[in-house]
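Accompanying notes for the structure given below.
Worth saying up front: this structure is predicted, and the values here are computed from it rather than measured.
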Number of protein chains: 2
Amino acid sequence: MPDLPSALDVTQRLGYRLKRAAAALRGAMDRGLREHGLTVPQYACLELLDQQPGLSNAELARGTFVTRQSMNVVLRGLQDGGLITRPATTEHGRALPAHLTEEGRRRLAAARGVVYAIDQRLADAVPAERLPGLLADLDRLSAAFDE
Amino acid sequence: MPDLPSALDVTQRLGYRLKRAAAALRGAMDRGLREHGLTVPQYACLELLDQQPGLSNAELARGTFVTRQSMNVVLRGLQDGGLITRPATTEHGRALPAHLTEEGRRRLAAARGVVYAIDQRLADAVPAERLPGLLADLDRLSAAFDE
DNA sequence: TCCGGCATGTCAGGAGTTTGACATGGCGGA
DNA sequence: TCCGCCATGTCAAACTCCTGACATGCCGGA
C-alpha cells in the first residue's frame with residue numbers, strides 16, 4: 001500500500017491513530033487470554049469483580065464498555081464455568097451482586113501474568129517521562145463525548 | 001460504583017485507558033454514521049478507496065484492522081449498494097481492485113462532515129501543544145506488538 | 001523446469017455483540 | 001398516597017466479526 005503524505009491523509013487523523021493502537025492492544029489481549037480460555041470481556045469482568053466484589057450486571061457492563069445484554073451473556077458463561085456466583089434473587093432492589101469463586105480467583109491469577117506483561121509492553125513503548133501525560137490525554141479523549 | 005484509589009486499580013493501567021478512549025470514539029462514530037446509513041468499517045473502506053483507488057480486499061482489510069473475511073462482507077454490501085465497483089476477474093494475479101462510484105463519492109462526502117466533527121472534537125480535547133506528542137505516542141503503542 | 005511457500009478471494013460455521021422490547025422494582029414529586 | 005420516571009435483568013432477533021478451511025495464482029530457489 002503506497003504512502004500518501006497528504007495533509008488530509010486519513011492515517012494522520014487522531015481517530016485513526018487511536019483506533020489502530022486499540023486494535024493492536026485488542027489483538028494482543030485476545031491472543032494472550034486464549035491460552036487461558038478467557039475472552040477479553042470475561043477477563044475484564046473477573047478483574048473488576050476481584051477489586052470490587054458485589055458489582056451488578058449493569059455496573060460490570062459500564063465498567064467494561066459493553067451493553068447490559070452482552071455482559072449478561074458473559075456472566076452466564078462465567079457462572080456456568082463456576083468462576084463466579086450470583087444469587088437468584090435479592091431482598092432489596094433488582095441488582096444481583098456477583099462474586100468470584102475460589103476457582104475464579106485462581107483463573108484470574110493465572111491469566112493476570114500475560115495481561116500485565118502486555119500492559120508493561122505498552123508502557124515500555126513510550127518514554128517514561130511521557131507516560132503520565134499520555135494517561136491524562138487518553139482521559140481527555142474519553143471525556144470528549146460526555147457532553 | 002465506588003472509587004478505589006489503589007496502586008493496582010485496573011483503571012490506572014494504560015490498556016484500560018486506551019480501551020476506554022477507543023470505546024468512546026467507537027460509540028460516537030457509530031451514532032454519527034448511522035444517520036448516513038453507514039457502519040464504521042464501511043466508512044473507513046470508502047475513505048481509504050477515495051484516497052487510494054484500486055485497493056484490493058486484503059489491503060483494505062489491513063487498513064481498517066479487520067480480517068479479509070470481514071472486509072469481504074463489507075465490500076459485498078457496498079457493491080450491492082452501488083457505492084463501489086469491483087471487476088469480477090483480473091488479468092494478472094488474484095487481487096481485485098475496488099473503486100468508488102459517483103454515488104459512493106456522494107455518500108462519502110455527506111458522511112465526512114460528522115466524522116470530521118468527531119475527530120475535531122477529539123483534537124480539541126487535548127492541549128494543542130500536546131497533540132503531536134500524543135500522535136507519536138499512539139504510534140508507539142501500535143508498534144509495541146509488531147515484534 | 002519444477003515445486004514449495006506465500007498471498008489472495010471465498011465459503012461455512014460459530015461466537016460475540018448489538019438493537020429493540022418487555023416486566024420488575026425503587027425513588028421522588030404532585 | 002399515587003403515579004410517572006428511571007434503573008435493572010432478561011429475552012429474542014439481527015448483525016458483525018472471527019476462526020478454520022479450501023482453491024487459485026504469483027514468485028522464489030533447488
Run the side-chain donor-acceptor check on residues 67-77 of chain B: report pairs under 3.5 Å with partners two or more places apart or on a different chain.
{"from": "B:Thr67", "atom 1": "OG1", "to": "B:Ser70", "atom 2": "N", "distance (Å)": "3.2"}
{"from": "B:Thr67", "atom 1": "OG1", "to": "B:Ser70", "atom 2": "OG", "distance (Å)": "3.1"}

Does [X] have any side chain to side chain contact (heavy atoms under 4.5 Å, CB included) partners at least two apart in sequence or in another chain, and if so, which?
X	answer
A:Ala21	B:Leu18, B:Leu138, B:Leu141, B:Ser142
A:Ile118	A:Leu25, A:Ala28, A:Met29, B:Phe145
A:Leu96	A:Arg86, A:Thr90

Sorted by first residue and then second, give each ring-ring contact (aromatic ring centres under 6.0 Å, His included) pair with at least one member in residues 26-45 of chain B; sequence neighbours left out. none
Over the length of the helix from C:dT1-D:dA30 to C:dA30-D:dT1, how much do the five-pair end axes diverge, rounded to 10 degrees? 30°
Taking only residues at least two apart or on different chains, which pairs with a member in residues 126-135 of chain A satisfy salt bridge (charged side-chain N to carboxylate O under 4.0 Å, His left out)? A:Arg130-B:Asp137
Salt bridge (charged side-chain N to carboxylate O under 4.0 Å, His left out) pairs touching residues 29-41 of chain A, sequence neighbours excluded, are A:Arg26-A:Asp30
Side-chain ion pair, B:Arg112 and B:Asp119, N-O less than 4.0 Å: no
Can you name the residues that form a ring pair (Phe, Tyr, Trp, His ring centres under 6.0 Å) with A:Phe65, not counting sequence neighbours? B:Tyr16
Give me the first and last nucleotide of DNA chain D, going 5' to 3', that has any atom under 4.0 Å from a heavy atom of chain A. D:dT8 to D:dT19
Report, as a single string ordered 5' to 3', how protein heavy atoms within less than 4.0 Å touch nucleotides 16-21 of chain C: B base, S sugar-phosphate only, - not at all. SSBBBB
Length of the CZ-P vector between B:Arg76 and C:dA12, whole Å: 10 Å
May I have the distance from A:Leu96 (atom CG) to C:dG26 (atom P), rounded to whole angstrom? 12 Å
Sequence-distant partners of A:Arg107, salt bridge (Lys or Arg N to Asp or Glu O under 4.0 Å), two or more places apart: none
